[in-house]
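What you see below is based on every heavy atom in this structure, not just the backbone, and it leaves out hydrogens, waters and symmetry mates. In what follows, chains carry the letters A, B, and so on, assigned in the order in which the sequence lines appear, proteins first and then strands, with residues in each chain numbered from 1.
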Number of protein chains: 2
Amino acid sequence: MSGEDTRRDLLLAAERLFAAGGIDGPSMREISKAAGQLNTSALQYHFGDRQSVLAAIIDRHHRDVEPHRLGLLDTLELDGEPPGESGLRELAAALVLPQAARLDHHDGGPEYLQIIAEVTARPERFAASFAAVSAAPSMVRWRALVTPFLPPAAVGPPLHRRFAAIRFLNGELATRAREHHRPDHRLFASHLVDLVTAILAAPVSAQTSRHIHSSPPNPADR
Amino acid sequence: MSGEDTRRDLLLAAERLFAAGGIDGPSMREISKAAGQLNTSALQYHFGDRQSVLAAIIDRHHRDVEPHRLGLLDTLELDGEPPGESGLRELAAALVLPQAARLDHHDGGPEYLQIIAEVTARPERFAASFAAVSAAPSMVRWRALVTPFLPPAAVGPPLHRRFAAIRFLNGELATRAREHHRPDHRLFASHLVDLVTAILAAPVSAQTSRHIHSSPPNPADR
DNA sequence: CAATTTCTAAGACAAGTGCTTTAGCAAGTC
DNA sequence: GACTTGCTAAAGCACTTGTCTTAGAAATTG
């Protein structure tokens, strides 16, 4: 077996075990064994440490997700973003669909979604990967495009809706990915687009406006 | 030092370390040491295993959260639930505020919120605690009260909005809890109520309706 | 007071951890 | 052919893990 094959086997095993037991769950030995390696330290040889394995897994899937999302953003910009709710739904779709497509990608797709959710949920623990995911070109571009659609109070602290929407998306996709092997995810994805749109477009209630105007901006909220 | 004090110290240390390193992060020894115990197995003596420590932590905070939420639901039912959006916002508030109040509870409140989020995000790993949290009387009652407010398509599979809203809430509270010590969380909580309301009340889009009617109900979606 | 229960201290145990080293194998390259 | 290179096998390192045992201190009870 060539080195390239071994590398791929290790990556797939790590993916599976990371999804099942958490990124910090399985030991390096365990992953090597699961990949069919009798060598206890094959993982160290090929990747070095846990963080690098994680980075390699994410990178593998980003190779598909990124172009997909960039393509959606391209057509969205060519058509000219229609203002109002409908334009926002298309932007939400550009966020959701490329990730949701991983549900059907039976080569580690669901596992990837669970891993991404863990990285998103604990950014300080997986800082390097979290930064990489956040700085992906498609995400930077998406954030810039969506901002004008949001109510002003929804952009700054104390609760950035862009980030809240992303966290929500990743969490729900992971939940779906855990409930194995559904044949068709289109209805689910459509619901998800509705909810992400709702989070982004949610009106700022009278109560919240009152809070904004009654209390000075909180300096501790950067 | 009495046994009761030691027990409390162990619980607080576990809370802190669970929040910082994940529930599976710290070793039993580590927790004992952090609680000032020279005994390496003080935790085992008082609680038995990790799951029981987790259960004790959650129970400690539920003692405050449960009555708070039940009280809100009581006044809400006495006033008679006004139909439409405003009644829904009050229901969302009854879900959000008792948990959000933990942000200010500087006796493990923020830590508790991070722990709850992890339990919610990985229900199969922490099945016992997840079941306990889900079966709490206030939550059972809340679910029953909120259901009539939801669009029919939002109640069943493939995406229960009640559960999605709860997951969202727990995740955002954990994120807020991680960004230490803000003096005032009322504006944040109000934003959060807006977003939970938006998730629950989100219109089912034309695209989603088309998916519902064009494809037969998916038998794999229980 | 004595007896009993409750709790902490201290240590030992096998098993498992990340990581390193050494050896061997199978290709390519000169 | 000799030799470097890429990779796997196997074992060993110091250390940590959960669990168990034993002993002694402290509080509670008779």
Side-chain angles (χ1 to χ4, degrees), chain A residues 1-60 115 118-119 122 124-129, chain B residues 1-60 115 118-119 122 124-129:
Chain A
M1 168 143 49
S2 91
E4 201 53 44
D5 285 353
T6 303
R7 205 187 132 94
R8 202 180 48 87
D9 288 351
L10 287 168
L11 221 49
L12 289 176
E15 213 166 64
R16 193 158 30 85
L17 294 176
F18 279 3
I23 298 172
D24 283 325
S27 71
M28 304 290 264
R29 278 173 147 86
E30 217 175 315
I31 298 170
S32 289
K33 299 272 182 200
Q37 288 292 311
L38 299 180
N39 188 353
T40 57
S41 50
L43 249 199
Q44 274 93 343
Y45 177 82
H46 282 279
F47 296 96
D49 62 352
R50 189 176 231 95
Q51 289 281 355
S52 306
V53 178
L54 175 59
I57 291 174
I58 292 175
D59 183 66
R60 188 170 85 87
I115 291 167
E118 190 173 351
V119 170
R122 305 192 56 212
E124 74 292 343
R125 169 68 186 83
F126 307 107
S129 291
Chain B
M1 169 142 52
S2 91
E4 201 53 44
D5 285 351
T6 303
R7 204 186 133 94
R8 202 181 47 88
D9 288 351
L10 287 168
L11 222 49
L12 289 176
E15 213 167 62
R16 192 158 29 87
L17 294 177
F18 279 3
I23 299 172
D24 283 325
S27 71
M28 304 290 265
R29 276 175 149 84
E30 219 173 315
I31 299 170
S32 288
K33 299 275 181 196
Q37 287 293 311
L38 299 180
N39 189 354
T40 59
S41 48
L43 248 200
Q44 275 92 343
Y45 178 83
H46 283 279
F47 296 96
D49 61 351
R50 189 176 230 94
Q51 288 281 356
S52 306
V53 177
L54 175 59
I57 291 173
I58 293 175
D59 183 66
R60 187 170 84 89
I115 292 167
E118 190 173 351
V119 170
R122 307 193 54 211
E124 76 292 342
R125 169 68 186 83
F126 308 107
S129 291

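Legend: residues meeting side-chain contact (heavy atoms from CB on, under 4.5 Å) with B/A19, ordered by chain and number and at least two apart, are B/E111, B/Q114.
Here C/dT5 presents its P atom at 12 Å from OH of B/Y45, a figure rounded to the nearest Å. Here the P atom of nucleotide C/dT17 and the CD1 atom of A/I31 are 10 Å apart, to the nearest Å. Nucleotide C/dA10 holds its P atom 18 Å from the CG atom of B/L43, rounded to whole Å. As a whole-Å value, the separation of A/D49 CG from C/dT17 C1' is 15 Å. Atom CE of B/M28 and atom P of D/dT16 are 18 Å apart (whole Å). Atoms CD (B/Q44) and C1' (D/dT17) sit 10 Å apart, rounded to a whole Å. The CD atom of B/E30 sits 14 Å away from the C1' atom of C/dT17 (whole-angstrom rounding). Straight-line distance from the CG atom of A/D24 to the C1' atom of C/dG18: 13 Å, rounded to whole Å.
B/S52 and B/D49 share a donor-acceptor pair across their side chains, judged by distance under 3.5 Å alone.
The closest donor-acceptor contact from the side chain of A/Q51 to the backbone of A/A128 lies at 3.5 Å or more, if one exists at all.
Inter-residue side-chain proximity for A/N39 and A/Y45 is flagged as unmet; no heavy-atom pair is nearer than 4.5 Å.
Contact between the side-chain N/O atoms of B/H46 and the OP1/OP2 oxygens of C/dT8 is found at a separation under 4.0 Å.
Taking both residues in full, the closest heavy atoms of B/E15 and B/I115 are given as O-CD1, 3.7 Å, listed atom of the first, atom of the second, then distance. In terms of heavy-atom proximity, B/I23 sits nearest to B/F18 at O-CE1, 3.5 Å.
With C/dT6, C/dA9, D/dA9 as the choices, the nucleotide that has an atom nearest any side-chain atom of B/Q37 turns out to be C/dA9.
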Are there any protein N/O atoms within less than 3.5 Å of an N/O atom in nucleotides 11-16 of chain C, and if so, which ones and at what distance?
| from | atom 1 | to | atom 2 | distance (Å) |
| --- | --- | --- | --- | --- |
| C/dG11 | O6 | B/T40 | OG1 | 3.2 |
| C/dA12 | N6 | B/R29 | NH2 | 3.2 |

